[in-house]
Amino acid sequence: MKLRIETAGMEALMVRLFDTIDVSNMAWILAADQALRDAFGEALVDLLPSYTTLLLHYDCRTLSHLDAQARVQDALTGLSPADTQQGQHHEIPVWYDESVGPDLERVAKRAGISIAELIDQHCQDDYCVFALGFAPGYGFMGLVNDTIATPRLTTPRRHVAAGSVGIADRQTAIYPLPSPGGWNVLGRTAVPLFEHAKRGEPLLRPGDSVRFRSISRADFEAQGGDTTPMEERS
Amino acid sequence: MSQAGLVVKKAGPLALVQDAGRFGVGHLGVTQGGAADWIAFHWANWLLGNPLNSAALEIVMGGGLTLEAEDEVTLALAGADLAATLDGKPLAPNASFSLRSGQELAFKQPRQGLRAYLAFPGGLDAPEVLGSRSCTVREQLGGLQENGQPLMAGERLTWRGSSQPPRTLPENLTPLMPTSGCRLPIVLGSQVASFSGNSLYQAFNTPWQVDNRADRMGIRLTGPVLGGTLKGIVSEGIPLGAVQVPPDGQPIVLMNDRQTIGGYPRLGALTPTACATLAQCLPGTQVWLTPVSVSQAQAAYRRQFAHWISD
């Protein structure tokens, strides 16, 4: 961990702790998140933790840039890593099927394995939630096994269905809402991520761990899943 | 509730309920939202004596939006001149006005600027979602139906207070709509050093053109191709006004409805005042990126708020 406090805008500081993505960053990012929330209190407008950084938006009508920088420095001096065991573990049921996971075949072929093996691979590891972003409740998770890591689509899809589970390079995520997107879609979950986020209580939080579990179409439907096939790439 | 309102006879291309924005929830992946020209938005509320953050209607382009009053009410309009009329008679922007029952308020097309703000007594009545009434279409949050849907024909607009004696905007403070060649102050960020010297020279010494690929999420600028040593970065939080440069070298200014984190290198971030200016620029407008210090930008920002709070 090496603290750098950078200017990101008129009322924004980029608090940089690391340079590369690593699961071990999370304990520090979570500790810094709490320390900065405590230190800024009412003067904090927003705090956005990510893989290696925290973007801090402060109220510049009550705090100068210099004071804000000093407050970050003070808050993070002598910081010790948070207890990442406190994160929750989630098991997310996924219906892996080519009708809702149009990239299953291509990703499997690229990895030189069968679709069944690809599903096993995607379900065999606990993934760390690194950050929320992109859309309400969207968790960036990883890292998937190198064998199934697949780059984003060259041309993003205009429409990815809500609940879609995808991978991009060594990351994996679930789309809480229908949106454009360039991730390789393998399946769909009925877990209502957006509804949780809308209540201000996201299901996935940074530092949590997630394991996917393959379920049948019947189970997916019983959970209220939408079986409408995904439109082909447009 | 049987309170009188305004009925939407015709919706126009895009009209959205907006307040100052959805703050304190960025870590959930929820975007900031809020009035894109926050200066005009605050003036509209100020004209009615409303709390500054009261929800108003952000009217983009106009395009035939027509509202009919069910009872007498005093409203205020600020920002773009969208050729507004009251029963066919022209209405001046940046002023309050009264409607009688049955009168029609219509917006035609932009004459100056792009977004007008219509303020209501005590603010528009709409459900609060995550601390804000702002409507974000992409996130299905906020607005009249709580689902991010823009204003639709047949809906009714109601408000939360009663008409107060309206104020008059001093002429020297009237917000001016940007003209071609306007300056957009930018606070430089830490990644600026990764751009080539030539790119930096061009970024700040050549005019940029506002592209038609522009919405509440981001506004593209076209001009010289910028480049540097960074191709992508580890995704990090995106502040309002961030000027990111994707691999094609054409900057995108990230606006109110931007994604919360992203991974393109950035020159810096436009000041909130510059974002308000850019939000009023029609495609084709020429703009200049002008670096300013944080302290200069903050001083200007505090002066702006002083106009609204001093009385």
Side-chain angles (χ1 to χ4, degrees), chain A residues 4-16 18-21 33 37 44-57 59-61 63-66 68 130-140 171 176-180 193-194 196-202 204-206, chain B residues 21-32 129-131 136 138-141 146-148 185-192 233-243 259-263 266 268-275 292-302 305-306 309:
Chain A
R4 284 144 292 172
I5 306 168
E6 302 167 358
T7 295
M10 185 196 82
E11 48 191 352
L13 292 169
M14 189 63 75
V15 180
R16 193 175 299 284
F18 301 96
D19 295 304
T20 51
I21 297 176
D33 184 84
R37 284 183 188 281
L44 187 73
V45 178
D46 255 307
L47 183 61
L48 275 63
S50 187
Y51 298 89
T52 55
T53 54
L54 301 100
L55 178 71
L56 187 144
H57 175 185
D59 182 357
C60 74
R61 285 184 286 158
L63 210 58
S64 76
H65 207 59
L66 278 177
F130 287 108
L132 297 193
F134 181 69
Y138 187 105
F140 289 87
Q171 299 185 76
L177 281 172
S179 75
L193 291 180
F194 174 66
H196 286 280
K198 194 174 174 176
R199 286 196 299 271
E201 295 158 359
L204 309 177
R205 291 173 188 268
Chain B
R22 197 164 269 118
F23 295 103
V25 288
H27 63 286
L28 308 178
V30 175
T31 195
Q32 171 182 336
V129 183
L130 295 172
T136 311
R138 183 171 50 87
E139 293 186 345
Q140 302 181 7
L141 288 178
E146 229 178 307
N147 61 0
I186 174 175
V187 170
L188 301 183
S190 58
Q191 286 149 10
V192 77
I233 54 172
V234 176
S235 281
E236 55 190 40
I238 304 176
L240 176 69
V243 182
Q259 65 274 33
T260 54
I261 67 177
R266 303 161 194 171
L270 297 190
T271 65
T273 304
C275 290
V292 287
S293 71
V294 171
S295 51
Q296 276 175 301
Q298 289 191 348
Y301 187 72
R302 291 191 195 103
F305 270 91
I309 290 164

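Proteins get letters first, then strands, A, B, ... in listed order; numbering begins at 1 in each.
Of the atoms belonging to A/Leu55, it is side-chain heavy atoms, and not backbone ones, that fall under 4.5 Å from chain B. Heavy atoms of A/Asp19 lying under 4.5 Å from chain B belong exclusively to its backbone. Neither the backbone nor the side chain of A/Phe130 comes within contact range of chain B; no heavy atom of the residue lies under 4.5 Å from a heavy atom of that chain. Interface remark: A/Leu47 contributes backbone atoms only to the contact with chain B (heavy atom separation under 4.5 Å). Looking at A/Leu193, there are no atoms closer than 4.5 Å to chain B (heavy atoms on both sides), in backbone or side chain. Neither the backbone nor the side chain of B/Leu270 comes within less than 4.5 Å of any heavy atom in chain A.
Closest of all the heavy-atom pairs between A/Arg16 and B/Glu236 is NH1-OE1, 3.1 Å.
A/Pro206 is not listed as a side-chain neighbour of B/His27, based on a closest heavy-atom distance of 4.5 Å or more. Residues B/Val234 and A/Phe18 are not in side-chain contact: their nearest non-hydrogen atoms beyond the backbone lie 4.5 Å or more apart. Inter-residue side-chain proximity for B/Gln191 and A/Met14 is flagged as unmet; no heavy-atom pair is nearer than 4.5 Å. By the 4.5 Å heavy-atom criterion applied to side chains, A/Arg4 and B/Ser190 are not counted as neighbours. Looking at heavy atoms from C-beta onward, A/His65 lies out of side-chain contact with B/Val187 at the 4.5 angstrom threshold.
Side chain of B/Glu139 to backbone of A/Ala135: no donor-acceptor contact under 3.5 angstrom is found.
Of the listed residues (B/Gly189, B/Ser293, B/Pro239), the greatest number of heavy-atom pairs within a distance under 4.5 Å of chain A belongs to B/Pro239.
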